[in-house]
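These notes are about the structure you will find just below.
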Amino acid sequence: MAQMSGLRDVAIVGVGATPYYKRGESWPQTTTQMACEAILAACEDAGVSVKEIDGFAYYSGAGAGYGEKMDTADFMETLGIPEVTFTASLTSGGGGSAGAIGLARAAIVAGDATMVVTVMALQQAKQRLGTVFAAVAPDPVNSFIQPSGLAGPGHLMSVLARRHMHLYGTRREAFCEIAMSERQNAQNRPKARFHGVPMTKDDYFSARMIAEPLCLFDFCQETDGAVAVLTTTTERARDLKQKPVPVVAVAHGGTKDWGRAFAWMGMPDEYFASAGNKPIADRLYRQSGLSPSDIDVALLYDHFSPMVLMQLEDYGFCERGEGGAFVESGAIRYSPTPSKGAIPVNTHGGQLSEAYIIGMTHILEGVEQMRGTAINQVTDADHALVTGGPASLPVSGMILGRDD
């Protein structure tokens with residue numbers, strides 16, 4: 001039986017997604033077209049009319065990827081939404097994905113909106129995300145990272161990963177285990193980009209190196225597509241089509257010290273070799289009255305495999321510096337009935353093996369786990385942890401609960 005704790009004043013009632021495409025292959029669809037398709041699918045899932053949407057809670061500065069923008073006026077015109085009473089966006093990239101549900105909650109609790117949609121869409125025909133820093137004009141920050149060969153997010157994360165290896169003896173075998181575990185979880189998921197494509201240890205260690213110590217399979221995919229999520233009051237949620245998924249806790253933000261980690265590289269080891277999520281974890285556990293042992297499934301932002309390991313430490317599933325050994329023990333592997341001390345991670349295959357929609361697939365999976373309808377369902381799961389980032393500040397996280 002789920003422990004009735006935390007906020008639980010809003011709930012997720014609808015989720016929708018387009019197919020997932022290899023980068024550029026969604027063309028000539030636009031980000032607006034795909035986002036609208038996902039929003040309509042979320043409305044169908046919830047059993048509501050799209051005209052009931054009166055709020056938009058974005059993240060990544062309302063960016064569609066890191067080059068295009070989404071605009072509420074375009075969605076209203078395209079979908080026939082008559083009036084919007086709230087529209088706002090968190091800063092950051094994928095670090096705001098879980099936090100955007102907190103933004104939706106803020107609007108609903110304040111009485112500024114009643115049915116809020118969070119959406120992300122990607123269309124990479126013009127610019128791939130993997131080299132986004134190399135493609136932008138020089139400025140005081142880019143003039144530091146570009147001459148150093150730090151062309152994209154993975155190159156910056158490789159520096160943090162190497163520091164973790166230096167401090168704690170973390171091995172590439174741990175990164176391999178994360179990649180293999182998530183690939184296994186994607187095998188039976190029809191929409192996953194790596195559906196039916198297994199990975200062996202030999203495959204991993206034979207893959208080309210991209211940003212040492214990170215190889216091809218340590219990098220998330222570059223995919224196109226869209227995912228949308230509907231949030232409303234818990235009271236309203238119980239009158240709708242699907243079993244409500246209450247938001248038990250949600251937080252976003254972070255410390256200045258870790259905020260320097262992504263591009264400035266000037267922070268103490270405590271933050272440098274971490275995912276920057278410890279302050280968020282502390283707030284989530286305080287809000288919810290829960291502890292790491294109460295989390296049944298973890299959907300951890302996995303743009304690069306080492307950041308999964310560091311989040312496991314930040315969220316208290318193992319001690320600082322012990323993430324490598326924890327992962328190598330098999331503790332994150334999916335099992336319908338996990339053993340004590342284990343935590344199934346990214347049961348959908350994550351951004352490494354299902355699709356990269358900047359964190360939104362993790363929210364979708366968290367909702368399905370709490371509804372009891374996930375493809376790789378954790379038996380009697382009461383709480384799902386969903387994280388956003390680490391990318392840049394803010395980072396974010398939330399705990400979803402089961403409605404009993």
Side-chain angles (χ1 to χ4, degrees), residues 22-23 93-95 128-134 145 148-187 192-194 197-223 261-263 272-277 298-314 323-328 330-333 345-346 348-359 361-362 387 389-392:
K22 185 177 180 180
R23 61 177 171 83
R128 59 185 296 185
L129 298 186
T131 57
V132 66
F133 299 137
I145 65 177
S148 303
L150 302 175
H155 302 84
L156 282 84
M157 292 297 179
S158 70
V159 183
L160 277 66
R162 173 55 71 191
R163 188 63 180 170
H164 198 282
M165 297 171 78
H166 171 74
L167 289 173
Y168 305 121
T170 308
R171 309 191 309 161
R172 286 191 65 213
E173 281 78 359
F175 308 154
C176 173
E177 171 61 21
I178 292 166
M180 289 177 59
S181 172
E182 295 197 22
R183 180 64 63 87
Q184 181 60 40
N185 294 343
Q187 292 307 289
R193 293 290 304 152
F194 281 104
V197 184
M199 179 195 298
T200 67
K201 194 169 184 178
D202 286 343
D203 291 333
Y204 175 89
F205 281 100
S206 299
R208 69 182 184 272
M209 192 65 68
I210 297 180
E212 199 278 337
L214 307 185
C215 72
L216 174 67
F217 296 127
D218 293 310
F219 277 59
C220 68
Q221 302 175 74
E222 293 173 299
T223 45
F262 193 63
F272 197 106
S274 83
N277 275 249
L299 295 318
L300 303 181
Y301 198 90
D302 58 328
H303 45 354
F304 307 102
S305 61
M307 309 318 288
V308 172
L309 185 153
M310 296 181 201
Q311 286 175 86
L312 289 165
E313 296 177 355
D314 283 352
F326 182 79
V327 166
E328 288 192 53
I332 68 168
R333 289 271 178 167
V345 169
N346 294 346
H348 55 320
Q351 297 174 145
L352 295 176
S353 281
E354 186 191 42
Y356 174 73
I357 311 294
I358 314 189
T361 59
H362 294 63
T387 69
S392 55

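Side-chain atoms are counted along with the backbone in the values below, which use heavy atoms only and exclude waters and symmetry mates. Count residues from 1 along the sequence.
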Nearest non-hydrogen partners of [X] and [Y], listed with the distance:
X	Y	value
F219	A211	CZ-CB, 4.2 Å
L352	S305	CD1-CB, 4.3 Å
D314	A275	OD2-N, 3.2 Å
S158	P213	O-CD, 3.6 Å
I358	G93	CG2-C, 4.3 Å
D202	S206	O-OG, 2.7 Å

Contact between [X] and [Y] at the side-chain level, heavy atoms closer than 4.5 Å - yes or no?
X	Y	result
F194	M199	no
F304	L309	no
R172	C215	yes
K201	C176	yes
P306	H164	no

Distance, nearest 0.5 Å, that separates [atom1] of [X] from [atom2] of [Y]:
X	Y	atom1	atom2	result
M165	L160	CE	CG	13.0 Å
D218	Y204	CG	OH	3.0 Å
Q221	L216	CD	CG	10.0 Å
M180	S353	CE	OG	11.0 Å

Given 3.5 Å as the limit, does a donor-acceptor pair link the side chain of [X] with the main chain of [Y], or not?
X	Y	value
H303	G359	no
N277	Q311	no
D302	M307	no
Q187	V197	yes
N185	N346	yes
Q351	C220	no

Please lay out, stage by stage, how R162 and E212 fare under the test side chain to side chain contact (heavy atoms under 4.5 Å, CB included). CA-CA 8 Å; R162 173 55 71 191; E212 199 278 337; 2.2 Å; yes
Evaluate the side chain to side chain contact (heavy atoms under 4.5 Å, CB included) criterion for residues F175 and T170: first the C-alpha distance (whole Å), next the side-chain angles of each, then the deciding distance (0.1 Å), finally the verdict. CA-CA 9 Å; F175 308 154; T170 308; 4.0 Å; yes
So E173 and F205, side chain to side chain contact (heavy atoms under 4.5 Å, CB included) or not? Walk me through it. CA-CA 9 Å; E173 281 78 359; F205 281 100; 4.0 Å; yes
Sort out for me which residue in H348, E182, R193 forms a side chain to side chain contact (heavy atoms under 4.5 Å, CB included) with E354.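 Going through the options one by one, the only one that passes is H348.
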Tell me, with the steps shown, if V345 and L312 meet side chain to side chain contact (heavy atoms under 4.5 Å, CB included). CA-CA 9 Å; V345 169; L312 289 165; 4.1 Å; yes
R333/E177 salt bridge by N-O under 4.0 Å criterion: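 Yes.
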